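Shown next, in C-alpha cells, is the structure this report addresses.
None of the values given here were measured: they were computed from a predicted structure. Residue numbers begin at 1 in each chain, while the letters A, B, ... track the order of the sequences.
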2 protein chains.
Amino acid sequence: MTADSGSTRRRGAALEADILDAVWEELAAVGYARLTMEGVAARARTGKQVLYRRWPNRAQLVKAALPHRFGTIVDQVPDTGELRADVLGVLRLMAERQRDMGSDVVVGLLGEAPELDPTTFGIMQDVTRTLLERAAKRGEIATADLPARVITVPAALLRYEMMLSRTSIEDHVLVEIVDEVFLPLVGRADTPEARTSGGDGTGL
Amino acid sequence: MTADSGSTRRRGAALEADILDAVWEELAAVGYARLTMEGVAARARTGKQVLYRRWPNRAQLVKAALPHRFGTIVDQVPDTGELRADVLGVLRLMAERQRDMGSDVVVGLLGEAPELDPTTFGIMQDVTRTLLERAAKRGEIATADLPARVITVPAALLRYEMMLSRTSIEDHVLVEIVDEVFLPLVGRADTPEARTSGGDGTGL
DNA sequence: GTCGATTAGAGACGCACCGTCTCTAAAGGA
DNA sequence: TCCTTTAGAGACGGTGCGTCTCTAATCGAC
C-alpha cells in the first residue's frame, strides 16, 4: 500500500523499501507460515529474482523487514526514573511489536534461521543492563553487577511466552514477570516479600 | 532398525510402533527441518497413506513419536531429598531428551503445531510443584504456595535456551538457572545471597 | 477352515512453492 | 549519448504435499 511508484521502474533503496513493506503486508494477510516468496514478489509487483538477489531465503527476507518497520529497540528504551516502570516499558514494547508482526513470526524465524540468534536476541541483555545501572546509580538497587542469567530473565520469560501462545500477550503476564520474578531477583529495596501467595499480579 | 518384521505384512499397534521408530531414525538422520512424510514412509517400508490414516501432518506424527520414545517425564521425576538436586535432575532429564531428539525439534514443532502447547508443555508446572511440596514438607523451604509464574521459571528458561541454541545445552546453564534464579526465588533457607557476582555456577 | 471386512503396501496424481535461469528493456551514470 | 546495471516477467525442473486408487495380505466371525 505504498501508494505511488505506479508506472516507472523502481530501483535500489526505493525498491527495497517497497519490498519490505510488501513483506509486512503479506505477513499481516497470511501470517508467517503461509508467506511465500512468490506472494511477496507479486504484492510488491516485482519478480522473485529481485528478492533472491537481496536475500537468500524467506527467513532472511522477513528478518530484514522487522527493523525496517520497527527501528532498533535501543532507540526506544524508556527512562522513567523507576526500575519497575522501565523494565515494564521495555517488555511492553516487545509485546507490542509481536502483536504487530503476528504471533508466529518469532518461532517461525527461529525454526528456519539457525544463524539468527546472537544479534537479534542478544540486544535485550544490554538494554536490561542499562536499566539496572541507572537504577543502581539512583540507589534503587544495591548493585547492577548481576549474573547474565539474571539479567536476561525478563526478556527470556517474555519471549518464551510469545513462542508458546498463538495469541498476543496480555499485560498482566508482563506485570507478573516483573513483580513476581525479576524485581525479587535483583533485590529491589522496597519489595522484599512482594510474592507471598498466588496474587494475580494486577495490583499496582 | 526394529530388526524383524521382514516379510509378513504388519498391522495395528505393531505397525504403528515401527513407524514411530522410523520417525525417530529419520529425525536422527536428517533432523526435523528436513524430515518428510515420504522419508518416514520409505524408512518404515510402508506407504504415505498409512501415515496419513493415523496422523494428519508431520507435526502430529513427530509429536506422537516423542512419548513412544521417552515415556512421560512424570514417571521419572527424581526424589533425592534435596530441592536443588531434584530440580537439577528434572532439568537434566529435559536437556537429555532434547539432545536425543535433536535441537530443532521443539522449535520446529512449535512453529507448525499451534495446538500443541497445553498438554505437552503444561506438565512441567505440576512436576515442579511436586518437588516444591516435598521440599516444603521437609522444611527446606517456607512454603510451596508460590505463584505459577515462579513455579514455571526453570522449565521456561531452559526451554527458551533450547529454542535459541542449535547445539545441546551445557550443564552449567542448568546449574545457573537453578542456583542464580530459581533457588533465590523460592527463598530456600540456606542460600540467601548465593548470587553476588558473576559466578560460573560450576561450584558444587 | 472359509468367508468377508479391513487395511497395508505401492504408486500415480495434481498442486504449490522452491530456487535458478533467461530475456528484454528501463534507469542512471559517465 | 552510450553503456552498464538491473528490474520485471515468466519458464523451468525439482521436491514434497495430501489425495486417490488398486491389489492382496491379514484378521475376526462363524
Practice item. May I ask you to decide whether A/R149 forms a salt bridge with B/E180, counting only side-chain N to carboxylate O separations under 4.0 Å? Key: no
Check your understanding: Taking CG from B/L61 and P from D/dC17, how many angstroms apart are they, rounded to a whole number?
Key -> 10 Å
Check your understanding: Who pairs with A/Y52 by ring-ring contact (aromatic ring centres under 6.0 Å, His included), at least two apart in sequence or on another chain?
Key -> none
Review point. B/L35 CG to D/dC17 C1': how many Å, rounded?
Key: 13 Å
**Study point:** For atom CD of B/E112 and atom P of D/dC17, their distance in whole Å
**Key:** 10 Å
Point to revise | Sugar-phosphate, base or nothing in reach of A/R34, heavy atoms under 4.0 Å | key: nothing
Practice item. Would you kindly give the CE-to-C1' distance between A/M37 and C/dT20, to the nearest whole Å? Key: 12 Å
Check your understanding: Would you call B/R84 and B/D179 a salt bridge, using N to O less than 4.0 angstrom?
Key -> yes
Check your understanding: Has the side chain of B/R134 got a donor or acceptor atom that lies under 3.5 Å from a matching backbone atom of B/T80?
Key -> no
**Study point:** Short side-chain N/O contact to D/dG8 OP1/OP2 from A/R11, under 4.0 Å
**Key:** no
Exercise for review: In whole angstrom, give the distance that lies between atom CG of B/L15 and atom P of D/dC27.
Suggested key: 12 Å
Practice item. Using a strict cut-off of less than 4.0 Å between a Lys/Arg side-chain nitrogen and an Asp/Glu carboxylate oxygen, indicate whether B/D100 and B/R69 qualify as a salt bridge. Key: no
Review point. Given D/dT6, is OP1 or OP2 found less than 4.0 Å from the side-chain N or O atoms of A/R54?
Key: no
Review point. Counting side-chain heavy atoms from CB outward, which of C/dC17, D/dC17, D/dA25 is closest to B/R9?
Key: D/dA25
Point to revise | Separation of atom OH in A/Y52 from atom P in D/dG8, rounded to whole Å | key: 17 Å
Revision key, fill the gap. A/R43 CZ to D/dG8 P, in whole Å, measures 17 Å
Check your understanding: Just by modelled atom types, is the B/L174 backbone N or O under 3.5 Å from a matching donor or acceptor in the B/E161 side chain?
Key -> no
Review point. Would you call A/D104 and A/R166 a salt bridge, taking side-chain N to carboxylate O under 4.0 Å as the test?
Key: no
Tabulate atom names and distances for all N/O pairs under 3.5 angstrom spanning the protein and nucleotides 9-13 of chain D.
none

Review point. Under 4.0 Å: is that the gap between some side-chain N or O of B/R53 and OP1 or OP2 of D/dT19?
Key: no
**Study point:** Atom pair distance, as rounded to whole Å: CG in B/L51 and C1' in C/dA8
**Key:** 12 Å
